Amino acid sequence: MNIIQTLQQAVSAVVQQLYGESVEPAKVIINPTPADFEGDYSIVIFPLAKAARKSPDVAAQEIGEALRQQVVDISDFNVVKGFLNIHVSDRYWQTFLSESLNNPQFGRQPKNGSKVMVEYSSPNTNKPLHLGHIRNILLGWSCSQLLEAVGYDVVKVQIINDRGVAICKSMLSWQKFGEGQTPESTGIKGDHFVGDYYVLFEQKIKEEYTQWQKTPAADTAFEGRKKAEQSREDFFKEYKNKWFNDHSQLGAEVRDMLLRWEAGDKATVGLWRQMNGWVYQGFEKTYGDLGVGFDKLYYESDTYLLGKDIVEDGLGKGVFFKKEDGSVWVDLTDAGHDQKIILRSDGTSVYITQDLGTARMRYHDFGAERIVYVVASEQDYHFQVLFETLKRLGEPYANGLYHLSYGLVELPSGRMKTREGTVVDADDLMTEVIRIAGEQSGERAEMDGVSPEKQLENLRKIGLGALKFFIMKVHPKKKMIFNPEESVDLQGQTGPYIQYSYVRINGLMQRIEKEGISLDEAAQYGPILPQERDLLLAIHEYPAKVKEAAENYDPSLLANFCYDLARKYHRFWHDLSVFNADSSSARAFRLQLSRMTGHVLRSGMGLLGIEMPDRM
RNA sequence: GGUCCCAUAGCUCAAUGGAUAGAGCACCUGCCUUCUAAGCAGGCGGUUACAGGUUCGACCCCUGUUGGGAUCACCA
C-alpha cells in the first residue's frame, strides 16, 4: 500500500473517531503539494469540514494532529486555507526507493486473465502509408503496450483493405502503362511502386475527362443537368463521379476488372496477388522502421462477404427488419441515431455488414471480451451504430467495444490532400527526422569514438523519438497541427529532451561500473532535498499514471508524465552534484535515485513506443 | 437542418471540481575550469470564445450563444 492510500484510509478513520462521520477512503482528495507550499501531499479538507461541522482550518488542524499520531510516515504537517499539507518522512522515501529498485515489474500490474484485441493501422493497399497512419499506428501500438502493462493479454490486429476499386485502379494502370516493370527492376519500394501507378491512373483519368469535356456528349450533360447559374467549370467538378461511372473508358475497364476479380478470374486474381505482395513488402519495412507489429492480419478479401448470417440472426431476433424491396435495416432512432441499411435490396452487403461479421469472427478466433478499434474520428457515427447494433444482437463482447477515435492530423497549411500533393509520406518523414538528428549530432561530437553502426542506431532512436513524442503528447481526441519543422525539434518539450535525461543517467551508471562504486550507503543518507523529493514523488506516481493512461486509452497522459519526470531530473542534475556530493552516502543515494529515474523513463517511453539511445 | 467533437499565452500543447491556469517554441537576460549546455535560471506574454447557472470552490459540470470541424449514401 502506498502512502496515498495509507493517508486516505487514515483520514477516513480519523474523521470517524473525531466526528463520528464515515467517509469513504477513496473519496478523500489528495494532491501533490504545489511548489510554493511546504509539504509533499495536500489533503483537501473542505468536503470533510462539513462532516466535522467546523471551519476548514480548524478541522484541518485537528485532523492533522490525529494523523501525525497515527501514521508513522508523517513527519510534519501544516495548514493553509483549508488544505492540510503533509510532510512524508525520509524513512518512507528511502524504503520506497529501495523497494522499487528491487522490483523489475514496477509500474506494471499482474496478469488479470482478461483478453483484449486492439485493431489499428488498417490501410488500403493502393498507396503507401502517410502521416495520418503514423498517428493511428502509434496510438494503437501504445495502447496495446499500456493494456499489456496493466495485465491484459493483448492481441494486436489490423484489417487490410486489399480489395475494391482502388487497388483495381493500380492494377489496370500497371497493366496498361507498366511495361513489365517491378519494384525489383526499378528499385522502388513496393508500396510506393504500386502507389505511383494509382497516381498515374488518376492523371490519366483527369486527361480523359478534360478531353471528354470538349465532346458533344459533355455539352448535352451540362445543358441537361446543370443547376441554375452554375458555371461549366463547377458543373464538371461535381459531375466527375457520375461521368466516371457512365462515360469513362478507363472507368469501364476498372469496373470490368473488379467484376473479374469478384468472379475469381485467374489472371486478374494473379495480378492482384502480385501487386498486393509488393505492397505488403513495403508495409513490412515501414512497420519495422516504426518499431511496431501485429499478432494477426485480417484481409478484407476474406471478410467482405461476412455478416450475412448475422442478418438472418438479426431478422429472427426482430432487431432488423425487411423493407418491401428486400433491403434489410436496423432502426436505431430510439437511440438517437437513424435507420441504417444492413443489406442492399440486391442482397449484397455494405460496410457495416462486414464489420458485424468480422466482430463475431474475431470473437470466435480469440475470445477477447474487449475490442479497441483505432480509427479516425470521421467514423464516430459508424462505430456508434455498429456497437449499438451488436448490443441489440446480444453479442457477448458487445459491452467491451471501444472506438479509440482520434482527430485528424493537419498541416499548418490545412488538411493533407492527395490531389494537391501535400500528403506527408511516412517513409520520407522518418528518413527526414533521422537526417536532422544526424545533422545536429554532428555538431555536438558527443558520439565520437562510437562505432558507426551504434551511432546510426542512436540517431534513429533520436529522430524517431522526436517524431513519435511530438505526436503522442497530444490528446488523441484532439485534431493536431503537424508542423514538420517543430516535429524535428530536439530541444524543449520533445522526445530527445527526455532521452537526454536518460543519457545523462546512463553516463553515471557506466561510471559506477567502471569505478566499482558501492551504493550500500544510500540508506544512510538524509535529509532528502527538495530536488530529490520531487523526483521521488514523480516516480511514486508512475504506476497510477500507467493505469490511468491504459484505462482512458490515452498515451498522452504518459507522454506528459515522462516529460515532467525528465524535467525534474534535469533540474536535479543541474542543482546537485552526484559524484562530487558532500558525502559518500549522498553520492550513493543520488546514484540510486538516478538509476530508478532511468528505469521509469525507459519503461514509460517504451510504453509509448519510443526507445532510448545510450549516448547523444 | 439533425447529431457528435473542438475552442486555454502570438504559435504548439498541459491542467482526477481545489491554492496565484502551467510547459515548450518564438523574443529578451544570465549560467560551461566540476558527472554531456539536446541542459538550468530569469523576463515577456491570459477576460480559459461569449452569456448565464450549480458549488465553500468551475478551464473542468449544466443551459444558451458564437466560431471551427466531422458526420447524417442501397460509398468504404
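A, B, ... follow the sequence lines: proteins, then strands. Residue 1 opens every chain. Please read these numbers as outputs of a predicted model, since none were measured by experiment.
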Whole-Å distance separating the [atom1] atom of [X] from the [atom2] atom of [N]:
{"X": "A:N31", "N": "B:A19", "atom1": "CG", "atom2": "P", "answer": "8 Å"}
{"X": "A:R504", "N": "B:C40", "atom1": "CZ", "atom2": "C1'", "answer": "8 Å"}
{"X": "A:Y41", "N": "B:G18", "atom1": "OH", "atom2": "P", "answer": "17 Å"}
{"X": "A:Y563", "N": "B:A15", "atom1": "OH", "atom2": "C1'", "answer": "14 Å"}
{"X": "A:F469", "N": "B:G24", "atom1": "CZ", "atom2": "P", "answer": "12 Å"}
{"X": "A:N85", "N": "B:G18", "atom1": "CG", "atom2": "P", "answer": "16 Å"}
{"X": "A:H475", "N": "B:A14", "atom1": "NE2", "atom2": "P", "answer": "8 Å"}
{"X": "A:E443", "N": "B:A37", "atom1": "CD", "atom2": "C1'", "answer": "14 Å"}

Give one of base, sugar-phosphate or nothing for [X], where a contact means two heavy atoms less than 4.0 Å apart.
{"X": "A:S42", "value": "base"}
{"X": "A:Y381", "value": "sugar-phosphate"}
{"X": "A:P56", "value": "nothing"}
{"X": "A:V503", "value": "base"}
{"X": "A:E446", "value": "base"}
{"X": "A:V474", "value": "sugar-phosphate"}
{"X": "A:Y497", "value": "sugar-phosphate"}
{"X": "A:R590", "value": "nothing"}
{"X": "A:N483", "value": "nothing"}
{"X": "A:I481", "value": "sugar-phosphate"}
{"X": "A:L576", "value": "base"}
{"X": "A:L408", "value": "nothing"}

[atom1] atom, [N] versus [M]: distance in rounded Å?
{"N": "B:G52", "M": "B:A15", "atom1": "P", "value": "27 Å"}
{"N": "B:A76", "M": "B:G69", "atom1": "P", "value": "27 Å"}
{"N": "B:C25", "M": "B:A58", "atom1": "P", "value": "33 Å"}
{"N": "B:U66", "M": "B:C50", "atom1": "C1'", "value": "7 Å"}
{"N": "B:U55", "M": "B:G18", "atom1": "C1'", "value": "12 Å"}
{"N": "B:U48", "M": "B:U8", "atom1": "P", "value": "12 Å"}
{"N": "B:A14", "M": "B:G1", "atom1": "P", "value": "30 Å"}
{"N": "B:C59", "M": "B:A41", "atom1": "P", "value": "27 Å"}

**Message:** If you apply the rule salt bridge (Lys or Arg N to Asp or Glu O under 4.0 Å), what do you find for A:R435 with A:E439, and how did you get there?
**Reply:** CA-CA 6 Å; A:R435 188 187 68 77; A:E439 220 174 79; 2.6 Å; yes

Of the nucleotides [options], which one has an atom closest to the side chain of [X]?
{"X": "A:D575", "options": "B:C40, B:A37, B:C72", "value": "B:C40"}
{"X": "A:R567", "options": "B:A23, B:C56, B:U71", "value": "B:A23"}
{"X": "A:E378", "options": "B:C6, B:U71, B:C40", "value": "B:U71"}
{"X": "A:R415", "options": "B:A70, B:G18, B:A7", "value": "B:A70"}

Parallel, tilted or perpendicular, judged at 30° and 60°: which one describes the rings of [X] and [Y]?
{"X": "A:F383", "Y": "A:Y373", "value": "tilted"}
{"X": "A:Y497", "Y": "A:Y563", "value": "tilted"}
{"X": "A:H540", "Y": "A:Y41", "value": "tilted"}

**Request:** Starting at the 5' end of nucleotides 25-34 of chain B, put B wherever the base has a protein heavy atom under 4.0 Å, S where only the sugar-phosphate does, and a dash everywhere else.
**Result:** S--------S

**Asked** So which heavy atom on A:D489 is nearest to which on A:T494, and how close?
**Response**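 Shortest heavy-atom separation between A:D489 and A:T494 comes out as O-CG2, 3.6 Å.
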
**Asked** Can you find an N or O donor on one side and an acceptor on the other, under 3.5 Å apart, linking the side chain of A:T33 with the base of B:A19?
**Response**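 Side chain to base: no pair below 3.5 Å.
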
**Asked** Closest nucleotide of RNA chain B for A:L557 versus for A:V80: which of these residues is on the 5' side?
**Response** A:L557

**Request:** With RNA chain B as reference, determine whether A:T494 or A:F83 sits nearer its 5' end, using the nearest nucleotide of each.
**Result:**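 Its nearest nucleotide lies further toward 5', so the answer is A:F83.
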
**Item:** Per-pair stack call A:F46 and B:G18, 5.5 Å, 30°
**Value:** yes

**Request:** Report yes if at least one side-chain N or O of A:K81 is closer than 4.0 Å to OP1 or OP2 of B:U20; otherwise report no.
**Result:** yes

**Request:** Report yes if a side-chain nitrogen or oxygen of A:K478 is closer than 4.0 Å to either non-bridging phosphate oxygen (OP1 or OP2) of B:A14; otherwise report no.
**Result:** yes

For the rings on [X] and [Y], is their centre-to-centre separation under 6.0 Å?
{"X": "A:F387", "Y": "A:Y402", "answer": "no"}
{"X": "A:Y569", "Y": "A:Y502", "answer": "no"}
{"X": "A:W261", "Y": "A:Y304", "answer": "yes"}

Indicate yes or no for a side-chain donor-acceptor contact from [X] to the backbone of [Y] under 3.5 Å, with no hydrogens or angles considered.
{"X": "A:H403", "Y": "A:V375", "result": "yes"}
{"X": "A:S501", "Y": "A:H570", "result": "no"}
{"X": "A:Q9", "Y": "A:P25", "result": "no"}

**Request:** Could you classify B:C25 for me, syn or anti, using a glycosidic angle within 90° of 0 as syn?
**Result:** anti

**Request:** Might you work through the side chain to side chain contact (heavy atoms under 4.5 Å, CB included) test for A:R460 and A:L456, ending with a clear yes or no?
**Result:** CA-CA 6 Å; A:R460 200 184 62 79; A:L456 204 69; over 6 Å; no

**Prompt:** Which residues in residues 339-356 of chain A have at least one heavy atom lying under 4.0 Å from any atom of RNA chain B?
**Reply:** A:I341, A:R344, A:S345, A:V350, A:Y351

**Test log, rule side-chain hydrogen bond (donor to acceptor under 3.5 Å, both in side chains), inputs A:S405 and A:D380** = CA-CA 7 Å; A:S405 162; A:D380 285 354; 2.8 Å; yes

**Message:** Using a 3.5 Å limit for the pairing distances, which stems of at least 3 consecutive Watson-Crick or G-U wobble pairs does RNA chain B take part in?
**Reply:**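 Paired runs of 3+ in RNA chain B: B:1-7 with B:66-72, B:10-13 with B:22-25, B:27-31 with B:39-43, B:49-53 with B:61-65.
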
**Prompt:** Would you call A:R587 and A:E521 a salt bridge, using N to O less than 4.0 angstrom?
**Reply:**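 No.
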
**Message:** Closer than 4.0 angstrom, basic N to acidic O: yes or no for A:R590 and A:E532?
**Reply:** yes

**Request:** Under the side-chain hydrogen bond (donor to acceptor under 3.5 Å, both in side chains) rule, what do A:S55 and A:D57 come out as? Steps first, then yes or no, please.
**Result:** CA-CA 5 Å; A:S55 80; A:D57 281 359; 5.9 Å; no

